[in-house]
Protein chains: 2
Amino acid sequence: MLKDILDNNENYQPGLSIDCVIFGFHDNQLKVLLIKVERANKWSLPGGFIPVDQDIDAAAITVLNSRTGVDGVFLRQFATFGKVNRNDQHFDKKTLEYFQIEEEKAKWLTRRFVTIGYYALVDFSKIHPNPAGRFEVVEWIEHKEVPELILDHREILDKALDTLRIELNLMPIGYNLLPEKFTIPELQKLYETILDKKLDRRNFLRKITNIGILTKLDEKKSNVAHKAPNLYSFDKDKYEEVLKNGLNQGW
Amino acid sequence: MLKDILDNNENYQPGLSIDCVIFGFHDNQLKVLLIKVERANKWSLPGGFIPVDQDIDAAAITVLNSRTGVDGVFLRQFATFGKVNRNDQHFDKKTLEYFQIEEEKAKWLTRRFVTIGYYALVDFSKIHPNPAGRFEVVEWIEHKEVPELILDHREILDKALDTLRIELNLMPIGYNLLPEKFTIPELQKLYETILDKKLDRRNFLRKITNIGILTKLDEKKSNVAHKAPNLYSFDKDKYEEVLKNGLNQGW
DNA sequence: GTACATTGCGTCAGAATAACACATTAATGA
DNA sequence: TCATTAATGTGTTATTCTGACGCAATGTAC
């Protein structure tokens, strides 16, 4: 895989990569899709290189799709990272030898890489983490338990979540993170988990329904302890409209 | 200049550039600093390449500083642009010949460039547009009268303004765009110009003073028609604090 | 049945917002 | 000189939004 790219490195944008922060929601936890590649002792964000004949957005979709199998989901560029030494230590001499990378090819690989960060919101239940190769592990890891990551991936992850938190105030969230039918308490848990703070049930209900993107279904969730909560779904059209126009006007 | 870079192109990040949207405010108009280089018939955003030994943020500061002479101002990355054909037509055969660029060097220049967009807010009165060379023109142009730009620079400019409009709701603005002493009507005009809509004087005053970043001075603006407006200045400490913590909490 | 946790719905005071009225100030020109 | 004009400074009021909370309804566990 890496060798294929290096052998055809003229087909890829040099010194430029894409890293995706893929968020999912399950068991009332915010999850992040991380990968661990052969020989590495740290986890990393799924990433990839940019073919010279692809828009960067298209390359990001490729990265997302290759790891999750889904497409047509919420994917948004949020920042570009380019500190001088950010990948200085990534491919050390031993690693290059291990992968039998020739010196000339290694130069292409070890230069400073600037990486474009994208974050994605996906429906956890629809994703089957998809290792790119035999020696790659792909896993959902709870955000609060994300271990040490390679390079500046922790910084990238933090920035992605910061961006998501800010954008929560500008757009509706949930369509891409929840199954088709869901309950208000579930949606609230999603918000609480992302924001990492408690919200008042009753005020949340009022605010979220006032947006006008929810359809109350004639069903209740079954097999639950305590009172069965109502099921809701998103009104796709209105959701898209609000997504486009934004929530708060401010000034 | 360009030749210097090409002759030492191994010192620059390949296929990667920086473009700055530099906003200023003067005569109740939102101005953008644009440049026109030798032989070009269209204007462009000030931009530059990225030395391999500089953080991308540092490279952006260099671009801004080289064109405006100021530093320590508001400068923020907002998006990265990388459509496949974005600079296909930029250096055509004739132009390359005109600049006497060798074929090998031309390859470095004509590949797809991904560009990182930054926007800056600067005090118009402190800026002396600074052409990088004899054949370069640097000028403040009113936003509404910006002519056709090269490449996708119009898209970059639009995105910068969109970002600024959104961020108006998240942070205070004005410190970097106005002189030290200013009036509330001036500040309001700034907001109105950026948002491109009228605001109510009285409501604006209330909202802006409630933020707690303004200091009312014991001075009135002199030499003005009609009633002399009060002068204000920003309380730097409180301004910085609000900048860091944000304005609207939302959820 | 009773205790308990959770959901659904409602209330209320205070804050924020939008729309608007009126007095004040300084240059202008009849 | 003095009314006119076009701005600025300072309210007021009705409405909406927000945060904090009460209480009844529902379904499980014992």
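Every chain is numbered from 1 and lettered A, B, ... according to where its sequence line falls, protein lines coming before strand lines.
- Put simply, the residue from B/Ile156, B/Leu157, B/Asp152 that forms a side-chain contact (heavy atoms from CB on, under 4.5 Å) with B/Arg154 is B/Leu157.
- For the OP1/OP2 pair of D/dA20 and a distance below 4.0 Å, the side-chain nitrogens and oxygens of A/Asn203 include no atom meeting the criterion.
- For A/Lys159, the NZ atom is loosely surrounded, since the number of other residues' heavy atoms within 6.0 Å does not exceed 12.
- The two residues A/Ile35 and A/Pro46 have their closest heavy-atom pair at CD1-CA, 4.0 Å.
- For DNA chain C, none of the residues of residues 178-196 of chain B falls under the heavy-atom distance limit of 4.0 Å.
- For the atom pair CD (B/Gln54) and NZ (A/Lys83), the distance works out to 14.0 Å, reported to the nearest 0.5 Å.
- Candidate nucleotides D/dT5, D/dG22, D/dT8 were compared by shortest atom distance to the side chain of A/Arg201, and D/dG22 ranks first.
- Between B/Glu136 and B/Val138, the closest heavy-atom pair is OE2-CG2, 3.7 Å.
- To the nearest angstrom, C1' of D/dA7 lies 14 Å from CG of B/Asn230.
- Close to C/dA16, at under 4.0 Å from its OP1 or OP2, lies no side-chain N or O of B/Asn210.
- Distance, A/His226 NE2 to C/dC4 P: 12 Å, rounded to whole Å.
- In this entry the distance linking CZ of A/Phe204 with P of C/dT7 reads 12 Å, nearest Å.
- The aromatic rings of B/Phe204 and A/Trp251 are tilted relative to each other, their planes meeting at an angle between 30° and 60°.
- Comparing B/Leu231 and B/Trp251 by the nucleotide of DNA chain D that holds the closest heavy atom to each, the one mapping nearer the 5' end is B/Leu231.
- For A/Lys227 and C/dC4, the NZ to P distance is 19 Å, given to the nearest whole Å.
- In this model, no side-chain donor or acceptor of A/Arg206 finds a partner on the base of C/dG8 within 3.5 Å.
- Between B/Phe234 and B/Tyr175, the angle of the ring planes goes over 60°, which puts this pair in the perpendicular group of the 30/60° scheme.
- Note: CD1 (A/Ile211) to P (D/dC17) measures 12 Å, nearest angstrom.
- For A/Lys216 and C/dC9, the shortest distance from a side-chain N or O to OP1 or OP2 is below 4.0 Å.
- The CG atom of B/Leu205 sits 15 Å away from the C1' atom of C/dC20 (whole-angstrom rounding).
- Per the geometry, CG belonging to A/Leu247 stands 11 Å off P belonging to D/dT18, to the nearest Å.
- If you check distances only, the side chain of A/Arg202 does reach the base of D/dG22 with a donor-acceptor pair under 3.5 Å.
- The distance from atom CG of A/Asp200 to atom C1' of C/dC12 is 14 Å, rounded to the nearest whole Å.
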